[in-house]
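As structure tokens, the structure follows; a few thoughts come after it.
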Amino acid sequence: MEIPAYNPAAIEKKWQKKWEDAKLFTAGKRKGAPKKYVLEMFAYPSGDLHMGHARNYSIGDAMARHAHMKGFDVLHPTGFDAFGLPAENAAIKNNTNPKEWTYKNMETAVETMKTMGFSYDYSRLIETCSPDYYKWGQYLFLKMLDMGLVDRRKSPVNWCPSCNTVLANEQVTEGVCWRCGSHVEKRDLTQYYFLITKYAEELLDDLDTLKGWPERVVQMQRNWIGKSVGAEIDFVLADAEGAPTDEKITVFTTRPDTVFGVTFFVFAPESALAKRLVKGTDKEEAVRALAESASRMTGAERASNPTKNGIFTGRYVFNPINQRKIPVWIADYVLEDYGTGAVMGVPSGDQRDFDFAKKYGLPIVPVVISEDDPLYPILKEERDWKVIEVDWEEAMDAEGILVQSDRFTGLKGGKDSEATRAIIDFLEEEKLGRASTTFRLRDWLISRQRFWGNPIPIIHCEKCGMVKVPFENLPVKLPEDIDLAAGETLAECPEFYETTCPKCGGPARRETDTMDTFTDSSWYYLRYCDPHNDEDPVSKEAVDHWMPVDFYVGGIEHAILHLLYSRFWTKVMRDADMLDISEPFDTLLCQGMVKDANGEVMSKSKGNVVSPKEVIEPYGADTMRLAILFIAPVEKDFDWDPNAVAGCHRFLKRVWQAVFQLVSRANVDVKDVDFEKLPKAFEFDLARATQAEKAILASLNEQGLKTSFDFENLQYNTAIAHLMELTNDIYAYLKTSAGNTQEAREIPLRVAFDLVSMLAPICPHIADELNEQAFKNEGMLVSLYDGAWPKFQEGFAADDSIEMVVQVNGKIKGRISVPSGASQEEIEKTAKEAAAGALSGKEIRKVIVIPQKLVSIVEG
RNA sequence: GGGGGCGUGGCGGAAUUGGCAUACGCAGCAGACUUAAAAUCUGCCGAGCUUUGCUCUUGUGGGUUCGAGUCCCACCGCCCCUACCA
């Protein structure tokens, strides 16, 4: 038989068309079958797809195709996160509309996706900039407003001077804008917030239910939410003369057990109260300068250069628990937006307070000390301050025993200790303070002063205030003819903002801020369940059927941003009775980055970008997909190695040759072989197979199918390695002379067919072509996508003899072959004979037999 | 400072979860085919040695075990995240 050449360009195009014509990937066709929702994070269409997308999608596609072959009804959609700043910047540069630029890029990206052969249900495609989608984003905004989860308020916000917009806390890393890297400024502005902090506790608690998430992502979210348990304590402000006033200043602390050791009090320099205390004094200018210099430093700079600068205000407060009068300072190590923006200074128990006290010569009073400390015997009975200065090198901030702490002296101190609880009880009884929990998580600032986003559906009326846009007027559409190149914004576009009040009919002004694009990506995975619904964002029925997403694949850069917002959004929609789940993503996979051959991040500016097209043109999409999955485990970064890619292509050519040669060698008309009825290779009686056939079958045994071809656990690199071994075995078989029975001819065919089936999720084009051309299966199936995944049969007969390793005193000394039914005694006897040369002749202390594996002989 | 992870050939990486360390691939070496090259095929490919074989080898040192890359303790080194969070 003439073996045709492997021509990826031709067969890939052919199969992509056949799949599309047959609507092969439409979700919901297998009524009654268990569902599997496989999703890759959708792309921002800033140009054509790059290798990172190719990796992301190849992983998800292998998962989706495999699930379908295993019998699931698979939902595998795609779409675009189409609003955002790059479209505006490109529009300004090219003097076009962001819409044009975005749609052109999405069109190119879909073409590229199709050349890669992904099994997407394109009938569910979502483009977030389409009014059909953003209408429901507006609807959900209004829903949240009704639920009391939207707030419009003036407060200090992060402003990116380069992007000309505010940013959410999550979008500022180390003091710079996540998108453009510019240094972020603080400004006092009136903005819209989603009250995500109302869900802080639940967002934290439910992290424990996310068993399918990488531990580091869970930890990152846990740290971001940042729960601290402790107490609020009310200090009494003294007037300028030092006498107590009625005014109380509250601090938050996680260590109320150290409250007897407070020797000073500190405000953040930006705090309003701090400013008030020094107003009109000679300290005013210095405090302003301190606030200025503090705001200029990024977190990293502050941490690497932890100079604690302070100014004494000249004022005092009284510690409510011991009435001591303590000085009030202003220092740059206190953060305005955490806790109450003020700290009770306990230098003996907190390293930062300790450093500050050292620098400014403030007293250090030990109150919670270790029993090993030389001071302990002196102070263990002390109820009042006896020692008010220590020679410690650092603060004692771990656990210890309370001293110099009035009636609490002698109690065990520390976070959540008996002293902590006792002091909180006391504070609550005396109304001096209360138990309190603080979160690091801030409310989500969602308004943006940008054009290319979802307009906030609010109308401002002088008479009626903030008025919702009525449902029938949704969506508030973006104007088509804005001139961004001329610097025009929505706020300068009267055709957009001039309107009438829906309540009183008077003249009113439309809100000109748009929503953060992360609002668009916070629920797109829900809309995929029901993408064409024009009555609701989603129907509960559709969401209940498909959600949660079973496998979610994306980059680690979304560990906090998108993944936290989506979890919040799901809980909100649950509370709005739109769905019944609490967590949207069951298993999360964060794939590694694709770097260049030298391990450098690919970037346009470095000129080291390898485009998927550069691989597809010479080798085909199957080779690209295979290489992406083979070169490194999915979650690790990998360096693009052109030689390894060529090696993957070589493997596909070998599979192609092996299958055709095998069909030719089998000397049976494959048209007469019903592959559905052919016994599975591993059910077959091995006694009838030749040695080479055994080698092939051995790699398809129980372990092979359950462990080696472990698609469930995403071990694609090792699964592919086993497919390579199987191919090598087929070549070994082809070199031998085969038996001449019907079975002996058909077993290898079955093996080859299973090989091709297992290759199908990774390299679907070559698999379908071999199925059709070599196995002549065109009448049975359009595609192996609808075919069956090989199954292991429990009844598979093991080989009649078993190889075991013989160890003497823990060292390998030989191998034995024993009958599969051999008794313990027989095995021991055979092993002793085989190891005779290695035995010293001493008494044999014991013999350990591990069935199927080894015999260990231990001498006295 | 806090948290998470990792350390195996020249390289990417395997190791059935305590049982033959280095699978599979890349690179390299040798051979076959060829006028030649490419492609393809075959073989070799951790280190050392006194080479039918022996010894050593999973960052270092110890421990548990008949048996450790895997478990425990200490140390060394690297990567990622986060950061004056009271």
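Atom set for the values below is all heavy atoms of this structure, side chains included, hydrogens, waters and symmetry mates excluded. Throughout, protein chains are lettered first and strands after them, A, B, ... in sequence-line order, and every chain is numbered starting at 1. Source: prediction; values computed, not measured.
No side-chain N or O of A:N608 forms a donor-acceptor pair with one of A:K595 less than 3.5 Å apart. Judged purely by distance below 3.5 Å, without hydrogens or angles, the side chains of A:E170 and A:Y565 pair a donor atom with an acceptor atom.
Set against B:rG3, B:rC41, B:rG67, the side chain of A:Q807 has B:rG67 as its closest nucleotide. Listed nucleotides B:rG12, B:rA86, B:rG19 differ in distance to A:I850; the shortest reach to its side chain belongs to B:rG19. Taking only side-chain atoms of A:T718, from C-beta outward, the nucleotide of B:rC85, B:rA14, B:rA86 with the closest atom is B:rA14. Listed nucleotides B:rC20, B:rG12, B:rG3 differ in distance to A:V805; the shortest reach to its side chain belongs to B:rC20. Side-chain proximity of A:M220 to the nucleotides B:rC85, B:rG67, B:rC81 is greatest for B:rC81. Comparing B:rG13, B:rC24, B:rC66 by their closest approach to the side chain of A:K846 singles out B:rC66. Closest contact between the side chain of A:V858 and the listed nucleotides B:rA86, B:rC66, B:rC26 involves B:rC66. Taking every side-chain heavy atom of A:R650 into account, B:rC26 is the closest of B:rA14, B:rA86, B:rC26. Of the candidates B:rC85, B:rG19, B:rC24, B:rC85 carries the atom nearest the A:R352 side chain, counting heavy atoms from C-beta on. The side chain of A:A721 lies closest to B:rC24 when the candidates are B:rC84, B:rA14, B:rC24.
Comparing B:rU16 with B:rG61, their P atoms are spaced 25 Å from each other, to the whole Å. Distance check on atom C1': B:rU17 versus B:rC71 gives 11 Å, rounded to whole Å. Distance noted for atom C1' between B:rG4 and B:rC11: 27 Å (whole Å). Here the separation of B:rU58 from B:rG9, taken at their P atoms, is 10 Å to the nearest Å. Using atom C1' as the reference point in both B:rG13 and B:rC6, the two lie 14 Å apart (nearest Å). A gap of 15 Å separates the C1' atoms of B:rG46 and B:rA23, to the nearest Å. B:rU57 and B:rU22: their P atoms are spaced 15 Å apart (whole Å). Rounded to whole Å, the separation between the P atoms of B:rG25 and B:rG43 comes to 12 Å.
Nucleic acid contact for A:P633: sugar-phosphate only, since backbone atoms but no base atoms lie under 4.0 Å from a heavy atom of the residue. Residue-level contact check: A:R654 touches the backbone only, with heavy atoms under 4.0 Å from sugar-phosphate atoms and none from bases. Within the nucleic acid shown, A:G647 comes within 4.0 Å of sugar-phosphate atoms alone, with no base atom in reach, counting heavy atoms only. Contact annotation for A:S228: backbone-only contact, meaning every heavy-atom pair under 4.0 Å involves sugar-phosphate atoms and none involves a base. No contact: A:F638 has no heavy atom under 4.0 Å from any strand.
Between A:K636 atom NZ and B:rC6 atom P there is a gap of 10 Å when expressed in whole angstrom units. Regarding A:Y731, its OH atom lies at a distance of 6 Å from the P atom of B:rC41, rounded to whole Å. In this structure, CD1 of A:I812 is placed 12 Å from P of B:rU55, rounded to the nearest angstrom. The nearest whole Å value for the distance from the OH atom in A:Y716 to the C1' atom in B:rG13 is 18 Å. Atom CD in A:E557 sits roughly 13 Å away from atom C1' in B:rC81 (whole-Å rounding). Atoms CG (A:D596) and C1' (B:rC11) sit 15 Å apart, rounded to a whole Å. B:rG12 atom P lies 18 Å from atom CD of A:Q715, rounded to whole Å. As a whole-Å value, the separation of A:I560 CD1 from B:rG3 C1' is 12 Å.
Environment of CD in A:E215: crowded, with over 12 heavy atoms of neighbouring residues, nucleotides or ligands closer than 6.0 Å.
Of the options A:D257, A:T253, A:T258, a side-chain hydrogen bond (donor to acceptor under 3.5 Å, both in side chains) to A:R255 is made by A:D257 and by none of the others.
The side chain to side chain contact (heavy atoms under 4.5 Å, CB included) test applied to A:N728 returns A:R654, not counting sequence neighbours.
For B:rC84, its base sits under 3.5 Å from the side chain of A:K308 at one donor and acceptor pair at least. The base of B:rG1 does not come close enough to the side chain of A:Q351 for any donor and acceptor atom to sit less than 3.5 Å apart.
Look at A:T438 and you won't find any side-chain N or O under 4.0 angstrom from OP1 or OP2 of B:rA86. Residue A:N717 places at least one side-chain N or O under 4.0 Å from the OP1 or OP2 atom of B:rA14. Contact annotation: A:N643 side-chain N/O to B:rC11 OP1/OP2 distance is not under 4.0 Å. For the OP1/OP2 pair of B:rC6 and a distance below 4.0 Å, the side-chain nitrogens and oxygens of A:R216 include no atom meeting the criterion. When the side-chain nitrogen and oxygen atoms of A:R222 are compared with OP1 and OP2 of B:rG4, none of them lie within a distance under 4.0 Å.
Side-chain contact check for A:L563 versus A:Q221: some heavy-atom pair is nearer than 4.5 Å. By the 4.5 Å heavy-atom criterion applied to side chains, A:I857 and A:Q807 are not counted as neighbours.
Helical stems in RNA chain B, defined as runs of 3 or more consecutive Watson-Crick or G-U wobble pairs with donor-acceptor distances under 3.5 Å: B:1-7 with B:76-82, B:10-12 with B:24-26, B:28-32 with B:40-44, B:46-49 with B:53-56, B:59-63 with B:71-75.
Base orientation of B:rG4: anti, the glycosidic angle falling outside 90° of 0. In this entry the base of B:rU70 is anti relative to its sugar, with a glycosidic angle more than 90° from 0.
Within the cation-pi definition used here (under 6.0 Å to the ring centroid, within 45° of the axis), A:K308 does not qualify as a partner of A:F356.
Place A:A268 and A:I848 on RNA chain B by their nearest nucleotides, and A:I848 ends up nearer the 5' end. Judged by closest nucleotide on RNA chain B, A:N728 is the one of A:N728 and A:I857 placed further toward the 5' end.
Taking the centre of each ring, A:Y716 and A:F630 stay at or above the 6.0 Å mark. For A:W329 and A:Y360, the ring centers are positioned less than 6.0 Å apart.
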Could you tabulate the donor-acceptor pairs under 3.5 Å formed by side-chain atoms of residues 338-351 of chain A, not counting sequence neighbours?
from	atom 1	to	atom 2	distance (Å)
A:Y338	OH	A:S228	OG	3.0
A:T340	OG1	A:T250	O	2.7
A:S348	OG	A:V365	O	2.7
A:D350	OD1	A:R352	N	2.9
A:D350	OD1	A:R352	NE	3.2
A:D350	OD1	A:D353	N	3.0
A:D350	OD2	A:R352	NH2	2.5
A:Q351	OE1	A:A395	N	2.9
A:Q351	NE2	A:D355	OD1	3.0

